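Note that the numbering runs from 1 along the sequence shown for the chain. Everything numeric in this text was worked out from a predicted model, so none of it was measured.
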Amino acid sequence: MSPHASSDILRGTLDLLILKALSLEPMHGWSIAHRLEQLSGDALRVGAGSLYPALQRLEERGLLVSEWGVTEENRRAKYYKLTAAGRGALGEESRSWQEYVRMMDTILRTT
């Protein structure tokens, strides 16, 4: 996957990826970016300039809540966790994404 392809994918799906990462456990920003990088096999790298505005946007929509805590390295960090609305949005967005993938697959196979 080219670097441009990774950026294009992130623009449309970053919110969903963040919700998925946080469905496992509450995390601070660096951990979310690191988790996404690990889960993608190092194919996706989320920069702070994309991650933190997305976290703020999701929190404003009531899909996340945050609170300050201390990391494993004894640093102060803001931890984010899903709300019930966030879990619902994750389910809806996941279904929508799967439908999109099926539609794209159908088009690519027939044209």
Side-chain angles (χ1 to χ4, degrees):
M1 180 179 295
S2 75
H4 294 298
S6 295
S7 298
D8 291 343
I9 290 169
L10 283 175
R11 277 189 211 110
T13 60
L14 182 56
D15 290 1
L16 175 58
L17 295 174
I18 291 170
L19 293 175
K20 179 60 181 171
L22 290 172
S23 70
L24 305 171
E25 62 182 323
M27 287 186 265
H28 53 76
W30 183 88
S31 292
I32 295 167
H34 186 65
R35 176 72 54 87
L36 294 176
E37 189 175 322
Q38 284 181 319
L39 292 174
S40 71
D42 294 329
L44 296 175
R45 297 194 182 205
V46 181
S50 298
L51 179 64
Y52 290 101
L55 288 168
Q56 183 177 5
R57 182 175 56 250
L58 291 167
E59 193 169 17
E60 288 171 357
R61 291 175 54 199
L63 304 179
L64 306 178
V65 292
S66 64
E67 63 182 15
W68 288 97
V70 178
T71 68
E72 304 80 26
E73 292 83 27
N74 206 28
R75 296 177 132 175
R76 192 166 184 254
K78 201 176 212 183
Y79 282 79
Y80 298 88
K81 68 178 180 180
L82 284 184
T83 63
R87 289 197 183 282
L90 174 60
E92 290 174 24
E93 292 295 322
S94 294
R95 283 186 292 279
S96 177
W97 179 252
Q98 292 300 323
E99 289 174 19
Y100 180 78
V101 168
R102 279 192 293 274
M103 181 268 307
M104 287 296 295
D105 185 55
T106 299
I107 291 171
L108 292 173
R109 288 176 186 260
T110 58
T111 57

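- Residue Trp30 holds its CH2 atom at 10.5 Å from CZ of Arg75, rounded to the nearest 0.5 Å.
- In this structure, CZ on Arg35 lies 13.0 Å from CG on Leu17, to the nearest 0.5 angstrom.
- In this structure a side-chain-to-backbone donor-acceptor pair under 3.5 Å is present from Ser23 to Lys20.
- Minimum interatomic distance between Arg45 and Asp42 (heavy atoms only, all atoms of both residues): NE-O, 4.0 Å.
- Of the possible donor and acceptor atoms, none in the side chain of Thr13 sits under 3.5 Å from a partner among the backbone N and O of Leu16.
- Using a 4.5 Å heavy-atom cutoff, the side chains of Tyr79 and Thr71 are in contact.
- Under a hydrophobic clustering in which Ile, Leu, Val, Met, Phe, Trp and Tyr are joined whenever their side-chain heavy atoms come within less than 4.5 Å, directly or via other members, Trp97 and Leu14 fall into the same cluster.
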What side-chain donor-acceptor pairs closer than 3.5 Å can you find for residues 47-61, not counting sequence neighbours?
unit_1: Gln56; atom_1: NE2; unit_2: Glu60; atom_2: OE2; d: 3.3
unit_1: Arg57; atom_1: NE; unit_2: Asp15; atom_2: OD2; d: 3.3
unit_1: Arg57; atom_1: NH2; unit_2: Asp15; atom_2: OD1; d: 2.6
unit_1: Glu59; atom_1: OE1; unit_2: Ser66; atom_2: OG; d: 3.4
unit_1: Glu59; atom_1: OE2; unit_2: Ser66; atom_2: N; d: 3.3
unit_1: Glu59; atom_1: OE2; unit_2: Ser66; atom_2: OG; d: 2.6

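- When atom types are taken as modelled, the side chain of Thr110 and the backbone of Thr106 share a donor-acceptor pair closer than 3.5 angstrom.
- For the pair Leu36/Leu44, no side-chain contact is recorded, criterion being any heavy-atom separation below 4.5 Å from C-beta on.
- Side-chain contact check for Leu64 versus Lys81: every heavy-atom pair is 4.5 Å or farther apart.
- Follow the hydrophobic side-chain contacts under 4.5 Å out from Val101 and you reach Leu19 in the same cluster.
- For the residue pair Ala89 and Leu63, the shortest heavy atom distance occurs at CB-CD2, 3.9 Å.
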Task: Test log, rule side-chain contact (heavy atoms from CB on, under 4.5 Å), inputs Gln98 and Arg95 - done: CA-CA 5 Å; Gln98 292 300 323; Arg95 283 186 292 279; 5.7 Å; no

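- When only modelled atom types and interatomic distance are considered, His28 and Ser31 share a side-chain donor-acceptor pair under 3.5 Å.
- Glu37 is not listed as a side-chain neighbour of Val46, based on a closest heavy-atom distance of 4.5 Å or more.
- In this structure, Trp68 and Arg76 have side chains that are in contact, with non-hydrogen atoms separated by less than 4.5 Å.
- Connection of Ile32 to Leu24 is not established within any shared hydrophobic cluster, with ILVMFWY side chains joined at heavy-atom distances below 4.5 Å, either directly or through further cluster members.
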